[in-house]
Amino acid sequence: MDNQNSEWEAEQERVSGVTRLLAAHIQHLSQELGLHRSDVVDMRKDFWEEVTVNFSSPDDLGETSTSLRQQAQILNERERHHLQSSKALKKYKKLVTSPYFGRIDFTERPDGTSEQIYLGIGSLMEDNGTFLIYDWRAPISSLYYDGAPGPAVYQTPGGEVAGTMDLKRQFVIHDGTIEVMFDTGMTIGDELLQQVLSHSADDRMKSIVATIQKEQNAIIRNDRTRMLVVQGAAGSGKTSAALQRVAYLLYKYREVLQADQMLLFSPNPLFNSYVSTVLPELGEENMQQTTFQMYLEHRLGSEFQLEDVFNQTEKLLNAPDSSEASVRRDGIAYKSSVVFLDVIRTFATTLENSGMRFKPLTFQGRAIVTKEEMQQQFYSYDPAIKLANRVELMTGWLLKRIAAFSVEERSAAWVEDQIELLDSSDYHRAYQMLRRKSGGRQESFDDFELEKEMLARYLISQRLKPLRVWTKRGRFVDVKGLYSSLFEGREYIESLSGGKPLPASWENICGQTLESLSVNELAYEDATPFLYLKELSQGFRTNTLIRHVIVDEVQDYSPFQLEFMRRLFPRAKMTVLGDLNQAIYAQGEVLGDLAGLVSVYGEENTEVISLTRSYRSTYEIVEFTRAMIPGGEKIVPFNRRGEEPQLSRVSSEAELLDSVEQDIRKLQDLGYHYVAVICKTAEESAHVHAELKGRLPVRLVTKDTPNFQKGALVLPAYLAKGVEFDAVIIYDGSAERYGRESERKLFYTACTRAMHLLHIYSLGQPSAFLPERVLQAAGNESVAVQ
């Protein structure tokens, strides 16, 4: 015991020393930053007073240029130093309350040099260059996550370093005081993990680098493969590991990689808010974050009313047994498939020979260039020229036709009429245009005919400007007509698909598609194929600045969408994270096994890692939920004990609402800050919220909600993906609400959001997806799955 106490005292003494040093750094940097900030402000104010400006001769001009450059360099250097000091101050402020979380003693072979390595979220050195704290991302830090006392190896840029780990110690330090300290032979001791996981939920995801597990560390530090595929069970920490992976890559490649060169595709805007603090907590700038829907809106929103995946899902869930929903599901499956992707590619190739469609260039109801003239011109080019390149040539040709038309139109009667209506501001703009055209020599309108000609040119130029912009954007290609042609007959698309079978409901699929297109609406499943065809015919827009793409909830994307992303970011590596058991959107059902994603970059460039251990929920909740899905026995619960999930059967909606209200009040009295009432759909959520809001404070979460807030929340199951709550109340887990096989994963996803407590209500017969033992214990008869 004495030895243990002396060890504790020695470690506390070190913590106190490090904390004092950090406090001194903070004080020094705070003062220094105040002076720097004042210097920078003064330099900006006095910038031109410090520069001699003289343009009298070439020599004077050169001296002025040199003076400007020198002053700008001084200012830039001061600003850069100010930025570096600001970053250091932020890091020290994070470290001062909890400087580090782990220690390893490592003896390197063959020289026997032993070193004590302390790990924190950032590094700290003494003036002599000795590390007091190592960054958790440093090469040697991997020993803490991967190894146990005994022989150990870690990788460095210079090669492999072997030795012996003599000690592995973990800390919980708060406000400079050690609260927990223990030595462990485990990878990461369960004691620390238990403490972290027992905490309440939050409106922001937390990044706990002290509890990174060995399998998560393999994801974080993997920089070998072009595409890393992570299949992780609900609550396995895959999203957290992916964000820590971003922090690791930014640290390792800090000389060549910036945060704005990394992009996260998240499931919804709400999730963007949820994960927004992880990287800043780790001392890194946030990467770019978006959703796939946002990208589609950016590219197609001006042409169509776009459906999003939430509206698509809502329609299917609210009328699951209708013939229209059945046809819609068939259409989604086909349009999301690799087969349809190949059809689009083949179609684009055939357009090089025939079938290209155009929109006429018209002005005031008159055709400048007809569709027939465009087709003739398009197919007059060398057949070896690719489709998109021919469209580019067409753009130049059409702009020349517009220019020629503008010359012919100057003498038109309408032009003379419009000239009479021009006001003084129009005259001024025409005059300025005349000066530009004449190189600044024209000083006034001193000739009536010249004035009339310039005003006519100005007027026609302004009226034709929208048409020129329209042409430069390639809008003369009738992409809607091209896409529609794929749904105008069975024989044509069968010829493009190489004999691969079409869905049995193809004619009805065609009817639904053409009906939407006719009113300029684009279904979610049509948006990516339409955009892909647009890119093939007009030229692909690629983003070569993005070097790494992370796709969360990848099981909700179709193979078509993932292939499109690969084309969109040709220089990027990808990390994709998913759980097939949470594939709740219709197009996600097409993806199948996540291992099938090797087709995107090829087997040699793809690595698949599986995370089977679930940490989010208590042992009892994981045992309960894993029985709801086929293959659930592969999910390993973490041994954090809690209450058994409850199933309560009610006979009326009034009883259900009363019970939910009482449940919320009880849970909040117990100290649970985030209580979610999860419904099946947005429609049901709105109804439940309307019924409860007069009884107690509850918030309705919709697809437009910007962030989570503490309290009781009502939301549809598909918006709960990726986040967690202290307690979850399933509003109605009956066979009526969750009785179809297509709804099993939605039900499972909703239940796995609970960290500590899960309570399922059933209005009538409970869902057959619930564990058999639970149904039997509740005295319910088994229900057939529809």
Is the ring centre of Phe530 less than 6.0 Å from the ring centre of Phe304?
yes
So how far is it from Glu525 CD to Gln512 CD, rounded to the nearest 0.5 Å?
8.0 Å
Sub-3.5 Å donor-acceptor pair from the side chain of Ser326 to the main-chain atoms of Ser322, do we have one?
no
Would the Phe347 and Tyr532 ring centres measure less than 6.0 Å apart?
no
Within a reach of under 6.0 Å around NZ of Lys703, are more than 12 heavy atoms found that belong to other residues, nucleotides or ligands?
yes
Reference residue Lys721; test side chain to side chain donor-acceptor pair (under 3.5 Å); the match among Thr749, Asp556, Thr752, Asp579:
Asp556
Residues in side chain to side chain contact (heavy atoms under 4.5 Å, CB included) with Ser484, at least two apart?
Lys480, Glu488, Leu514, Leu517
Cation-pi, Phe363 ring and Arg463 (6.0 angstrom, 45 degrees):
no
Flag yes if more than 12 heavy atoms outside Gln364 fall under 6.0 Å of its CD atom; otherwise flag no.
yes
Between Glu724 and Arg753, is there a side-chain N and carboxylate O pair less than 4.0 Å apart?
no
Quick one: does any side-chain atom of Gln261 pair with a main-chain N or O of Arg547 as donor and acceptor, under 3.5 Å?
no
Would you verify whether the NZ or CZ of Arg254 falls within 45 degrees of the ring axis of Tyr251 while also being under 6.0 Å from that six-membered ring's centre?
yes
Check: Tyr334 ring centre within less than 6.0 Å of Phe340 ring centre
yes
Taking atom types as modelled, find out whether Asp526 and Tyr483 have a side-chain donor-acceptor pair closer than 3.5 angstrom.
yes
Looking at CZ of Arg226 and NZ of Lys573, how far apart are the two atoms once the value is rounded to the nearest 0.5 Å?
8.5 Å
Pair Arg401, Glu373 - check salt bridge (Lys or Arg N to Asp or Glu O under 4.0 Å), show working.
CA-CA 11 Å; Arg401 291 289 298 268; Glu373 288 176 301; 3.5 Å; yes
I need the minimum non-hydrogen distance between Asn286 and Ser276, along with the two atoms involved.
ND2-O, 2.6 Å
Listed by chain and number, what are the side chain to side chain donor-acceptor pair (under 3.5 Å) partners of Lys680, not counting sequence neighbours?
Glu743
Ring geometry between Tyr557 and Phe292 (parallel below 30°, tilted from 30 to 60°, perpendicular above 60°):
perpendicular
Just jot down the side chain to side chain donor-acceptor pair (under 3.5 Å) partners of His548, sequence neighbours excluded, or say none.
Thr575
Take atom CD of Glu521 as the centre, draw a 6.0 Å sphere, and report whether it contains more than 12 heavy atoms from other residues, nucleotides or ligands.
yes
CD/Glu303: more than 12 non-hydrogen atoms of other groups inside 6.0 Å
yes
Would you mind checking if Glu324 and Lys315 are paired as a salt bridge, meaning a charged N to carboxylate O distance below 4.0 Å?
no
Could you grab the distance from atom CG of Asn222 to atom CG of Leu228, nearest 0.5 Å is fine?
5.0 Å
Distance alone, cut at 3.5 Å: any donor-acceptor contact between the side chains of Glu314 and Asn318?
yes
Among residues at least two apart in sequence or on other chains, which ones pass salt bridge (charged side-chain N to carboxylate O under 4.0 Å, His left out) with Glu683?
none
So which heavy atom on Leu715 is nearest to which on Phe725, and how close?
CD1-CZ, 4.2 Å
Could you tell me which non-hydrogen atom of Ala682 sits nearest to which non-hydrogen atom of Pro716, and how far apart they are?
N-CB, 3.6 Å
Using the side chain to side chain contact (heavy atoms under 4.5 Å, CB included) rule, take Phe564 and Phe569 through it: C-alpha gap first, then chi angles, then the decisive distance, then the call.
CA-CA 9 Å; Phe564 183 83; Phe569 305 105; over 6 Å; no
Sidechain-backbone polar pair: Glu284 side chain, Leu279 backbone, donor-acceptor under 3.5 Å:
no
Hey, could you give me the CZ/CG distance between Phe476 and Leu467, rounded to the nearest 0.5 Å?
11.0 Å
Between the CG atom in Leu502 and the SG atom in Cys510, the distance rounded to the nearest 0.5 Å is 8.0 Å
Pair Tyr718-Asn268, side-chain donor/acceptor within less than 3.5 Å
no
Specify the closest pair of heavy atoms between Val230 and Lys238, including all atoms of both residues, with the distance to one decimal.
CG1-CB, 4.0 Å
Just wondering, are more than 12 heavy atoms of other shown residues or ligands nearer than 6.0 Å to CZ in Arg541?
no
Glu281/Lys90 salt bridge by N-O under 4.0 Å criterion:
no
Could you list the residues that satisfy side chain to side chain contact (heavy atoms under 4.5 Å, CB included) with Pro267, not counting sequence neighbours?
Phe271, Asp552, Glu553
Quick check: closest heavy atoms across Leu486 and Trp506, and the distance to 0.1 Å?
O-CZ2, 3.8 Å
Tell me whether Arg390 forms a cation-pi arrangement with Phe378, defined as NZ or CZ under 6.0 Å from the six-membered ring centre and within 45 degrees of its axis.
yes
More than 12 heavy atoms from other groups under 6.0 Å of CD on Glu392
no
For Asn389, check side chain to side chain donor-acceptor pair (under 3.5 Å) against everything at least two apart and list the hits.
none
Of all heavy-atom pairs linking Ala259 and Leu250, the shortest is N-CD2, 3.6 Å
Could you measure the distance from the CZ atom of Arg245 to the CD1 atom of Ile219? Nearest 0.5 Å is fine.
8.5 Å
Under the criterion side chain to side chain contact (heavy atoms under 4.5 Å, CB included), I'd like the reasoning laid out for Gln258 against Tyr253: C-alpha separation, chi angles, the key distance, then a yes or no.
CA-CA 8 Å; Gln258 303 297 321; Tyr253 299 103; over 6 Å; no
Thr528 side chain to Lys335 side chain, donor-acceptor N/O pair below 3.5 angstrom
no
